[in-house]
Amino acid sequence: MTKLALQGSPLANPGKLFIDGAWVDARDGRTDPDISPVDGQEIVPVAQAAAADADAAVAAARRAYEEGPWSRLSAQERALRLNRVGELIERDLEEIALLETVDMGKPFAFSSTVDAPMAAQLMHYYAGAVTRVDGSSRAPAGGQLAYTLREPLGVVCAITPFNFPLLLSMTKIAPALAAGNTVVHKPSPATPLTALKIAELFQEAEIPDGVLNVLTGPGVELGETLTGHPGIDKIAFTGSTAVGQSIIRRTADTLKKVTMELGGKSANIVFADADLDAAEELAFFGIYYNKGEICTAGSRLLLQRPVHDEMVERLVARAAALRPGDPRDPQTLFGPLAHRGQFEKVSSYIEIGQKEGATLRVGGSGWTPEGASAEGLYFLPTIFTGVDNGMRIAQEEIFGPVLSIIPFDTEEDAVRIANDSAYGLAAGVHTKDLRRAHRVASQIKAGTVWVNCYNQYDPAVPYGGYKASGFGRECGPESLESYTQTKSVWIGMD
């Protein structure tokens with residue numbers, strides 16, 4: 001096994017916060033160890049910000065917006081600086097990818113080919129897209145002149161999750177900064193390291209002080225401070241629906257703008273006429289990519305009865321053959337869960353599924369790869385059959401490598417079952433019938449529907465949810481709209 005290793009300290013300023021262009025200690029000096037899910041060992045100390053640190057970061061972002069050059073730069077000037085950050089990410093791509101792997105458990109095979117490259121692509125995309133943000137002239141009655149302007153909001157707080165720490169930071173930071181806002185970023189306390197590395201690159205790119213600030217620290221306390229802070233104009237959040245709801249309540253008094261990318265329980269539908277080899281591959285990839293720690297995981301697999309048994313046997317055999325491994329090995333495709341709390345949550349749903357009467361066909365427990373530390377958070381790929389859509393394992397977001405297989409008879413059944421969920425983030429449809437594909441895609445209540453593919457993303461294509469999966473969109477020009485506001489200007493012509 002080839003195992004990649006970080007060379008020296010993975011950060012230039014471990015144990016520090018990034019505020020107003022400087023690396024500083026938390027006001028109370030507190031740090032906590034950042035623990036790798038690979039082996040349970042400390043990677044680096046991480047500063048634990050408190051309310052006073054949040055105040056300092058917000059004040060720095062406000063100064064940079066109101067008094068500093070950032071919001072006053074032309075779109076072309078901001079684009080040049082953001083492109084420079086994208087170039088630095090590309091320069092340090094392997095180092096950033098490995099940092100993500102060690103911190104989150106994401107296989108290097110994916111962090112180096114998906115996460116880090118797309119982080120750079122997001123910077124380049126929004127550097128280009130912002131030059132096309134403009135207003136329009138209007139022709140009101142009475143011979144007056146009116147036109148509209150698109151202006152930044154001010155200070156944006158980005159709160160990001162543990163499962164795609166790098167990418168889901170950049171889907172917020174890139175459009176927010178491109179539009180002329182400044183940012184306070186609070187990464188997940190479980191996976192903060194790439195956020196700090198990106199701050200180092202912003203400093204190297206000579207982005208003005210206060211434009212990006214990074215606060216690491218306790219999720220609940222720090223999050224509550226920031227979401228209720230009167231100096232913040234917008235919250236951009238990715239995480240669980242329950243936490244999203246609490247943020248919305250906390251922002252009500254200050255009327256902040258919010259975008260919410262929340263949980264999912266996505267239905268992946270396989271019709272009897274589908275290419276079963278392709279459907280098998282996509283169903284497997286749909287649930288086990290990133291160890292199932294992805295909001296769009298195809299965790300409800302709906303199989304039409306004529307192909308149900310064959311597909312079940314295929315997937316069970318394939319899941320039984322997939323063993324988690326050290327994510328630092330470039331050959332590994334399935335790593336450990338991101339943190340201890342998530343491991344315990346996934347474990348609890350195995351018991352829940354069995355008590356509900358579902359059949360555990362494969363997996364369902366932790367596992368230690370040969371030669372790996374017993375402290376690693378590895379969990380076997382798991383499949384339940386005999387699942388009714390009303391069961392908790394079919395309705396609640398497990399956020400792990402647990403697949404619930406549900407049979408269906410007709411197209412109408414498939415749509416009904418798919419929509420019988422509080423969530424509406426994504427869905428998959430596998431069929432050779434193009435008319436059926438369009439018909440079903442139009443009826444599914446989800447923000448993204450993949451037809452004969454799954455988990456496809458691009459900086460130019462918007463992404464977000466329906467129902468309890470949130471509102472607002474990330475990626476594409478649609479995201480820029482949520483980081484700007486429209487002003488109308490009237491000119492008297494008399």
Side-chain angles (χ1 to χ4, degrees), residues 12-13 16-24 53-91 119-120 122-135 147-158 169-186 195-215 226 229-236 256-257 459 477 479-487 489:
N13 300 278
K16 305 285 186 180
L17 306 170
F18 187 64
I19 299 176
D20 204 15
W23 294 97
V24 298
D53 303 296
D55 289 341
V58 174
R62 179 60 60 188
R63 283 194 301 274
Y65 178 74
E66 300 287 355
E67 304 169 16
W70 191 252
S71 62
R72 297 181 178 88
L73 291 176
S74 69
Q76 289 82 357
E77 290 171 317
R78 289 198 301 275
L80 286 172
R81 287 159 173 80
L82 295 179
N83 272 323
R84 175 59 178 154
V85 175
E87 291 165 358
L88 292 175
I89 293 172
E90 290 164 340
R91 182 198 69 189
L122 283 160
M123 296 303 293
H124 294 313
Y125 174 81
Y126 282 107
V130 73
T131 63
R132 298 189 292 275
V133 174
D134 51 26
Y147 60 88
T148 63
L149 299 172
R150 294 269 297 283
E151 298 181 337
L153 301 174
V155 177
V156 172
C157 176
S169 299
M170 302 311 287
T171 57
K172 298 165 182 59
I173 293 170
L177 295 184
N181 303 284
T182 57
V183 171
V184 176
H185 179 205
K186 191 200 85 62
L196 295 167
K197 175 62 180 178
I198 291 299
E200 291 179 5
L201 299 185
F202 268 73
Q203 191 174 37
E204 183 178 348
E206 298 182 343
I207 303 299
D209 295 347
V211 170
L212 174 68
N213 306 270
V214 179
L215 295 174
L226 291 168
H229 202 292
I232 288 173
D233 300 296
K234 171 180 171 152
I235 303 292
K256 297 185 194 323
K257 292 177 172 59
S479 181
L480 276 174
E481 294 174 8
S482 70
Y483 290 99
T484 59
Q485 52 197 342
T486 300
K487 175 184 287 182
V489 179

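In this structure, CD on E204 lies 6.0 Å from CZ on R84, to the nearest 0.5 angstrom. For the atom pair CG (L201) and CZ (R91), the distance works out to 6.5 Å, reported to the nearest 0.5 Å. One distance of note links CD1 of I173 with NE2 of H185; it measures 5.0 Å at 0.5 Å rounding. Atom-to-atom distance recorded for T182:OG1 and D209:CG is 12.5 Å, nearest 0.5 angstrom.
For the pair R72 (side chain) and E66 (backbone), a donor-acceptor distance under 3.5 Å is present. Judged by distance alone, the side chain of R81 and the main-chain N or O of I207 form no donor-acceptor pair under 3.5 Å. A donor-acceptor pair under 3.5 Å is formed between the side chain of E200 and the backbone N or O of A12. In this structure a side-chain-to-backbone donor-acceptor pair under 3.5 Å is present from Q485 to P152. With hydrogens and angles disregarded, no donor-acceptor distance shorter than 3.5 Å links the side chain of Q203 to the backbone of A22. Proximity of a side-chain donor or acceptor of K172 to a complementary backbone N or O of V156 within less than 3.5 Å is not detected. Side chain of K257 to backbone of Y483: no donor-acceptor contact under 3.5 angstrom is found. Within the 3.5 Å criterion, the main-chain N or O of A60 finds no donor-acceptor partner in the side chain of D20. For the pair N213 (side chain) and G210 (backbone), a donor-acceptor distance under 3.5 Å is present. Panel note: side chain T148, backbone G135; no donor-acceptor pair is recorded below 3.5 Å.
Across every non-hydrogen atom of A119 and M170, the tightest pair is CB-CG, 3.8 Å. Annotation for A174 and M123: closest pair CB-SD, 3.7 Å, computed over non-hydrogen atoms. Minimum interatomic distance between P175 and S479 (heavy atoms only, all atoms of both residues): CG-OG, 3.5 Å. Between A195 and V214 the shortest heavy-atom distance is O-CG2, 4.0 Å. Here the closest non-hydrogen pair linking G154 and N181 is N-OD1, 2.9 Å. Considering every non-hydrogen atom in both V183 and A176, the closest pair reads CG2-CB, 3.8 Å.
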ask   = Given V24 and K16, is the side-chain contact (heavy atoms from CB on, under 4.5 Å) satisfied, shown in steps?
value = CA-CA 5 Å; V24 298; K16 305 285 186 180; 5.8 Å; no
task = Check the pair L226, I232 against side-chain contact (heavy atoms from CB on, under 4.5 Å), reporting the backbone distance first and the verdict last.
result = CA-CA 8 Å; L226 291 168; I232 288 173; 3.9 Å; yes
request  = Start with the C-alpha gap between F202 and L177, add the side-chain angles, then the distance that decides, and say whether side-chain contact (heavy atoms from CB on, under 4.5 Å) holds.
outcome  = CA-CA 12 Å; F202 268 73; L177 295 184; 3.3 Å; yes
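By the side-chain contact (heavy atoms from CB on, under 4.5 Å) test, P208 pairs with P69, W70, V211, sequence neighbours left out.
Contact of the N13 side chain with the L196 side chain is not registered, since no non-hydrogen atoms from C-beta on lie closer than 4.5 Å. In this structure, the side chains of H124 and P459 stay at 4.5 Å or more apart for every pair of heavy atoms.
We find that D55 and R62 are not joined by a salt bridge, their nearest charged nitrogen and carboxylate oxygen being 4.0 Å or further apart.
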